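Worksheet for the structure shown next.
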Amino acid sequence: MSVKRKSTSSRLFVAAIDIGKTYSGYAYSYKSDWTKVFMNKWEGGQLMTHKTPTALLLNPDKSFNSFGYEAERAYGYIAADGGDEGRSYKEYYFFHQFKMTLIISFTKRVHRETKCTDENGRELMAMEVFAHSIRYLKDHLLQHILDRHVCEPYGLDVNDIAFVLTVPAIWDDTAKMFMREAAIKAGIPGDQLEIASEPEAASIYCHLMHLDETQKDNTIKSFTRGPGEKYMMVDLGGGTADITVHQLQENKTLAKIVLSFGREWGGNNVDRVYRQFLEEIFGSSVLETFERDPEDIIEYYEFWQNFEVKKIACSMKSSKIRLSIPIALTDIAKYHRKIKGNHREIMETCLRESKYCDAGISCEGGKLNLPIEIFENFFCPNIHKLVDHLSKMFRDELDSDVNSILFVGGFSECELVRERLKRRFGDTKQLVFPDEASLAVLKGAVYFGHSKDLHVVARFTYGFHICPKFDKSKHSIDRKIMVNGEERCRDVFLKIFTKEDPITPGLKKSQYFKPLAKGENELECGVFVSNQRNPTYIDDPGCVKLGTVAIPLRKNERLTNAEIEESIILWHTYIEVTLYNCRTKQKNERVFDLLSPEIHLPKNNIEI
């Protein structure tokens, strides 16, 4: 991609929306100055962040109440004091980190009837939850642009913006379709919406980040971007570590994904280990009460927000780490464990009675002072698994010419993580850590929207069930059948669209067929889909039958060679199959809704 090229977007702005597992946000830029990306700053207590928690609060009638930091605060106030007309907080719907509903490790695939469960065990259609969230971010974005930019003389509306919605690499294709439909339900026109996978967006950003005025690191400028170059992208977010290997193709601006993995090695695992540490000191029932007591909800969320800051900023150069302990936590411990004393005395008693009594931990000013070695242990399970896995990939699976590793995602901003990675790979690989790595996907998605030469690709291989003439050089002998005295091969998969090939929604491809046997009353067409690029037979692994479409044959056609045009038309969330009789002009069609719970699609073949 030339650094001097202009945006290819037809809209005044391009905006990206990212619904993350832990945090969500948006970013945008002008068409005329597309590398300068703007973002909102969200206020959460003492924090100012470019993303806000993925938290949605709905009223008892399922109408929108609030999102992000505001939703956490509002839910806390309702839990403590009651809602409108004295309603209990349990009558409201509060969804926190709900995105993982859509990961493909769930036993059932995502469809229109998929549900999300809120913090109180109440279910709601996932489509509604995501649509509320996207609508809020879209409306907030519009207001942000109006407040900060001159949009005269015509003002600004949603039609002036091209939108990009990001999705994780490990999501299957129906989850991407689901997100698209949720965005349209949220008021984003379908012809102004693109879906970008997070590795795609992060890859684009890493190739163009030298244009971003926030980037100053010389190692970024020296990152090789030539055709044929292979590199690894490691996205360390809150929930997962997504590892992809790309190779730049000739005359392509997008990198081709060679390998892709999704592992639960994100920053949230550090939170889990820290919680276990607190349970060992204060007791599991104390932590459970602190988490669930409606009186303490606001303090609970603020506690974890403060730990997030400490987790990212901490370095091994420190000798002690000071971690704040809320008064609410020691008050609960005082009640549960019958301990007397003030905040500090309760902490000291709990510490003295725990396995950490001789670990060099002290209590001072409402904080636990931990030796850096103990704090580092919170990270060790994650870092060890990540380092071991990367080492194994380089040793057993990758060519020696994969020399660069680019780290993005919020957890990659953690100094402890960076120091460990540099210690293991710094001498053999080029490690690239962008400034504000947590924003790489969001900024890259904006860049994605300004580059219309990045193709949409077919999600699956689509085709028909046919019985061609038997060819012993291509067909298995056990599939040979006789039809009207002629050797045929049964159950052959005829590709119409190939997975990962560039497409335009609405693209139509056709083939012409004739009835195999004279006297048939109808011609039946079997429609199949596969997660493989080159399936041979309809019963190959990864092949699934979507259904059949039939067209009747007139009596006089049964004795002649009727000619039937069979077509597949690809759209975003459905495919249309048509059968057209070229002699009689009769047409029959069927739409296969790929988000319907009745449709069964092949599982994604990405390793989890």
Side-chain angles (χ1 to χ4, degrees), residues 1-20 23-42 49-52 67-68 130-131 133-167 179-180 182-198 200-205 207-209 211-215 253-254 436 438-456 505 572:
M1 181 182 290
S2 170
V3 299
K4 295 181 180 180
R5 66 177 295 165
K6 295 181 179 180
S7 168
T8 57
S9 175
S10 61
R11 308 287 167 172
L12 183 61
F13 292 91
V14 170
I17 293 177
D18 177 25
I19 305 290
Y23 292 96
S24 298
Y26 61 77
Y28 63 92
S29 69
Y30 277 105
K31 176 181 180 179
S32 59
D33 191 10
W34 60 275
T35 62
K36 186 176 182 180
V37 178
F38 299 93
M39 286 164 287
N40 184 57
K41 284 194 174 181
W42 308 86
T49 60
H50 286 300
K51 291 185 178 181
T52 191
F67 186 86
F130 281 87
S133 304
I134 296 170
R135 183 182 297 108
Y136 170 79
L137 290 171
K138 177 211 52 168
D139 292 344
H140 200 285
L141 159 73
L142 285 169
Q143 193 59 50
H144 190 278
I145 295 176
L146 286 170
D147 290 345
R148 288 161 178 79
H149 303 280
V150 177
C151 298
E152 299 293 345
Y154 306 110
L156 179 80
D157 64 27
V158 71
N159 294 314
D160 295 314
I161 304 173
F163 290 87
V164 180
L165 194 64
T166 63
V167 296
M179 289 295 284
R180 178 180 178 82
I184 293 172
K185 187 179 179 69
I188 297 176
D191 62 352
Q192 294 169 226
L193 175 65
E194 293 186 80
I195 305 294
S197 74
E198 291 170 1
E200 283 179 320
S203 179
I204 292 170
Y205 180 72
H207 283 281
L208 297 175
M209 59 192 171
L211 304 179
D212 187 340
E213 60 187 24
T214 67
Q215 302 293 348
T253 55
L254 263 184
E436 297 183 325
S438 60
L439 303 177
V441 168
L442 203 46
K443 288 185 175 183
V446 175
Y447 291 173
F448 179 99
H450 285 289
S451 305
K452 289 299 182 184
D453 52 344
L454 306 179
H455 297 292
V456 177
H572 284 290

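Keep in mind that what you see is a predicted model, and the values were worked out from it rather than measured.
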Worksheet item: Quick check: does any side chain N or O of R148 sit under 3.5 Å from a backbone N or O of F38, one acting as donor and the other as acceptor?
Response: no

Worksheet item: How far does CG of D147 sit from NE2 of H140, to the nearest 0.5 angstrom?
Response: 9.0 Å

Worksheet entry | Check: Y26 side chain, N40 main-chain N or O, donor-acceptor pair, under 3.5 Å | no

Discussion item. Looking at A162, is its backbone amide N or carbonyl O close enough to the side chain of E194 to form a donor-acceptor pair, meaning the two atoms are under 3.5 Å apart?
Written reply: no

Worksheet item: What distance separates K36 NZ from S29 OG, expressed to the nearest 0.5 Å?
Response: 11.0 Å

Worksheet entry | Listed partners of T52 passing side-chain contact (heavy atoms from CB on, under 4.5 Å), at least two apart | W42, F67, Y69

Worksheet, complete the sentence: In terms of heavy-atom contacts, A201 and A445 come closest through CB-N, 3.6 Å

Worksheet item: Can you name the residues that form a side chain to side chain donor-acceptor pair (under 3.5 Å) with D191, not counting sequence neighbours?
Response: none

Worksheet item: Taking the side chain from R135 and the backbone from I188, do they hold a donor-acceptor pair closer than 3.5 Å?
Response: no

Item to complete: To the nearest 0.5 angstrom, please state how far the CD1 atom of I184 sits from the CE atom of M179.
Response: 12.0 Å

Worksheet item: Can you list the steps and then say if L12 with I161 is a side chain to side chain contact (heavy atoms under 4.5 Å, CB included)?
Response: CA-CA 6 Å; L12 183 61; I161 304 173; over 6 Å; no

Item to complete: Begin from the C-alpha positions of K31 and R11 and carry the test side chain to side chain contact (heavy atoms under 4.5 Å, CB included) through to its verdict.
Response: CA-CA 7 Å; K31 176 181 180 179; R11 308 287 167 172; over 6 Å; no

Worksheet item: Shortest non-hydrogen contact from G444 to I204?
Response: O-CG2, 4.1 Å

Worksheet item: At their closest point, which heavy atom of T166 faces which heavy atom of E198, and how far apart are they?
Response: CB-CG, 4.2 Å

Worksheet entry | Aromatic plane relationship, Y28 with H144 - under 30° parallel, 30 to 60° tilted, over 60° perpendicular | perpendicular

Discussion item. Measuring from atom CG of L137 to atom CD1 of I19, what distance do you get when rounded to the nearest 0.5 angstrom?
Written reply: 4.5 Å

Worksheet item: From I17 CD1 over to S24 OG, what is the distance, rounded to the nearest 0.5 angstrom?
Response: 10.0 Å

Response to the item:
Note: N159 and P189 closest approach over all heavy atoms is OD1-CG, 4.1 Å

Discussion item. Determine whether a donor-acceptor pair (N or O, by modelled atom type, separation under 3.5 Å) exists between the side chain of T8 and the backbone of H450.
Written reply: yes

Worksheet entry | Heavy-atom pair of closest approach, residues K185 and A131 | CD-CB, 3.8 Å

Item to complete: Heavy atoms only: give me the nearest V158-G187 pair and the separation to one decimal.
Response: CG2-O, 4.0 Å

Worksheet item: Can you tell me if D139 and Q143 form a side-chain donor-acceptor pair at under 3.5 Å?
Response: no

Worksheet item: Roughly how far, to the nearest 0.5 Å, is the CZ atom of F163 from the CD atom of Q192?
Response: 7.0 Å

Discussion item. Run the side-chain contact (heavy atoms from CB on, under 4.5 Å) test against A27 and tell me which residues pass, sequence neighbours left out.
Written reply: V37, M39, L442, V446

